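These notes concern the structure reproduced below.
Chain A is the first sequence line, chain B the second, and so forth, proteins listed ahead of strands; every chain is numbered from 1. Note that this is a predicted model, so its numbers are computed, not measured.
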2 protein chains.
Amino acid sequence: MNLKELARHLGLSQSTVSRALNGYQDVSTDTRERVLAAARRFDYSPNASAHRLATGHSGVIGIVFPSDKDPLLDPLFTDFLSGLTNSAARRQMDILVSASLDTSEASYRRLAQRGSVDAVVLSSPLIEDPRVPLLERLGIPCVVHGRTKSSHPHAFLDIDNEGAFRQAAELLIGLGHRWIGLVNGDARQAFAVDRETGWRSALLRAGLEAPDTLSGSDVMTDEAGYRLTAGMLASAAPPSAIICSSIFSAIGACRAIRDNGLTIGSDISVIAHDDGISSIRPEAHSPPLTTTFSSIHRAGERIAEIAADLIGGKSPAECQEVWPVDLIFRDSTRPPRSV
Amino acid sequence: MNLKELARHLGLSQSTVSRALNGYQDVSTDTRERVLAAARRFDYSPNASAHRLATGHSGVIGIVFPSDKDPLLDPLFTDFLSGLTNSAARRQMDILVSASLDTSEASYRRLAQRGSVDAVVLSSPLIEDPRVPLLERLGIPCVVHGRTKSSHPHAFLDIDNEGAFRQAAELLIGLGHRWIGLVNGDARQAFAVDRETGWRSALLRAGLEAPDTLSGSDVMTDEAGYRLTAGMLASAAPPSAIICSSIFSAIGACRAIRDNGLTIGSDISVIAHDDGISSIRPEAHSPPLTTTFSSIHRAGERIAEIAADLIGGKSPAECQEVWPVDLIFRDSTRPPRSV
DNA sequence: TCCTTCTATGAAAGCGCTTTTGACGCCTTG
DNA sequence: CAAGGCGTCAAAAGCGCTTTCATAGAAGGA
């Protein structure tokens, strides 16, 4: 059953049926209802390919990643993706998850040329990310999860990383901590810079030192968290508190702390950033972890909306959001032993 | 840059250019090379929508799931999906992950009507799954991950669940166990039936009893694994060994065992089915778990290939595979205490 | 030399939809 | 009563590709 047949059945022209289905005004209420009833009866919905070709819109939001690291294996990413797809589905849009077999530039070029996506979302932006200007040249709207440090305006949804980590550090300082470590994510990524800035500014503002030995950067995995924390604990002046950039690093950090014969909370305080992924809950940890919290799932949902706005013609400069982050106090933060 | 412009640039007709690009034989080697060179130079690739409309193929494999449970949050599913997308990408196909907002029947109807997918993969099949005949009526090729018990032939890739669980039980029997519990998945699912059959047949063949009290079914989560195991341990005749249908149930089962003051291996043997997901490794467990192993990631990869075969016209009856399952002996299985 | 058979190419007809354009009847208005 | 406006629909021109069919010229056989 296609439009032509449906029109013939109704004794109407294709154009009238099409406009009736698409909610145009210049069709009488009477015929509109007849059309809608027939469409329902015959279980008609328009052919996706034809619709796309005619409108020039693919109805697809793309997300590209290097093929060497599959993000579907990363719970953070899948939680984000889950929000993205659900929200996109509500707007009749699909998500195209594409592994770039060659360079990511070539992948974007191909997507653009083929017209397979209306917009793309860009994850894990670098400080200066070449993908943003590339996509602009290619004419594909793009929304960044996070944000670059570039002056070039682009659509983004970011959380207040700097504020969150400043608050976390301030909480620890308020409890009496003077020597606070940071187990951060990959230093090339924009968010990691912001978090370090927040941490450092709280310490300096309180007249404390923020030496590089107290700040480590690496991927946000259990192993890296363990390694960085173990390194700090083994140093001449181990920290009395540690702030971790992810729940995974925090798990590693906690392991390192325990392996050093120390107790989390009473010996060493721990704060972790929690993206709210469903598989790991910081309140179920023992002891329950104090966290800076922002749901990455909800970010995914919102980013699909922003992408839709962008496709609808909204300018990137109007599509910039920074979400506040909650600081949730639990049992892993206490005053330092010495106080 | 589209086909028309490219053809104009070359002083050729669209049809010739199209045929050159698509590798038809009736175009001279000379022009073919000119065309390919120009396409490369102008970074041309055909518009996806137009191509789809013209060929009638969408180049998309669909996978539908109920919107109430988001499978993207399930590591088993994402690992499968990861294999599926990678393998599909190699064949220039995309995966459409679609949440069915209403009934799954309506979703499939819509996909069919819109022509948005060339084939679908069907996960978690029930014993008699209505989706299989539905898709057949709709004319959408479909490949099942697992298989139904229906006599109706359909394309599938399954693992030898029955054999795997029989072997697992036989291993335990060989070690001297006489009272072996089964912590199974949802009893409505086809694979759970096969696993129970395997477990039961090994016991009966060895002249042992296989009462219902030793076999529990539920979702394959940590919590359910804990509950079922705790129930068995609290019974008048607790098992000396337990076989779990997933690594998640096994984690719960181990917790229950420890909470009962028992030691895994020496007090109670444990075997788990391991789908090889990247986030949880049974060999890193303490003690390392004996497993029946089959990579769900590789199943995903293979299923994309089968879907491609189906689209290419292969008959469903020719597309049926049952993979053997490895039994990997580790430290969680030992002879029972009493022996 | 003429007729047939290939070979390489072009013209054109779709694929199923959207959207522009224009026609027709009816109602208003001066 | 003629001119214009409005509401309702049909016709037709794309969107960018594939594919069938036709055609020109080259090659081959008699």
Near A:Lys4 NZ, under 6.0 Å, is it more than 12 heavy atoms from other residues, nucleotides or ligands?
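It does not: A:Lys4 NZ has 12 such atoms or fewer within range.
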Using atom [atom1] of [X] as one end and atom [atom2] of [N] as the other, report the distance to the nearest whole Å.
| X | N | atom1 | atom2 | answer |
| --- | --- | --- | --- | --- |
| B:Leu21 | D:dT18 | CG | P | 8 Å |
| A:Gln14 | C:dT18 | CD | P | 10 Å |
| B:Arg19 | D:dA22 | CZ | C1' | 12 Å |
| B:Asn47 | D:dG16 | CG | P | 7 Å |
| A:Lys4 | D:dA11 | NZ | C1' | 14 Å |
| A:His51 | C:dC15 | NE2 | C1' | 16 Å |
| A:Asp30 | D:dT8 | CG | P | 10 Å |
| B:Asn22 | D:dG16 | CG | P | 17 Å |

Counting any heavy atom closer than 4.0 Å, what does [X] reach on the DNA or RNA strands: base, sugar-phosphate only, or nothing?
| X | result |
| --- | --- |
| B:Asp26 | base |
| B:Ser49 | nothing |
| A:Ser28 | sugar-phosphate |
| B:Arg52 | nothing |

Short side-chain N/O contact to [N] OP1/OP2 from [X], under 4.0 Å:
| X | N | result |
| --- | --- | --- |
| A:Thr16 | D:dC9 | no |
| A:Ser18 | C:dC17 | no |
| B:Thr55 | D:dC17 | no |

Side chain of [X] - closest among [options]:
| X | options | answer |
| --- | --- | --- |
| B:Tyr24 | C:dC17, D:dT19, D:dT18 | D:dT19 |
| B:Ser15 | C:dG16, C:dT9, D:dT20 | D:dT20 |
| B:Leu3 | C:dT19, D:dC17, D:dT20 | D:dC17 |
| B:Asn2 | C:dG16, D:dC17, C:dT9 | D:dC17 |
| B:Tyr44 | D:dC17, C:dC17, D:dT18 | D:dC17 |

Hey, which sits more toward the 5' end of DNA chain D by its nearest nucleotide, A:Leu53 or A:Val17?
A:Val17
Side-chain ([X]) to main-chain ([Y]) donor-acceptor, under 3.5 angstrom:
| X | Y | answer |
| --- | --- | --- |
| B:Asn22 | B:Tyr24 | no |
| B:Gln113 | A:Met1 | yes |
| B:Arg34 | B:Leu10 | yes |

With a cut-off of under 6.0 Å to the ring centre and 45° to the axis, is B:Arg298 in cation-pi contact with B:Trp323?
yes
Salt bridge between B:Arg52 and B:Asp94, side-chain N to carboxylate O under 4.0 Å?
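Looking at B:Asp94 together with B:Arg52, the answer is yes, because their closest N to O distance falls below 4.0 Å.
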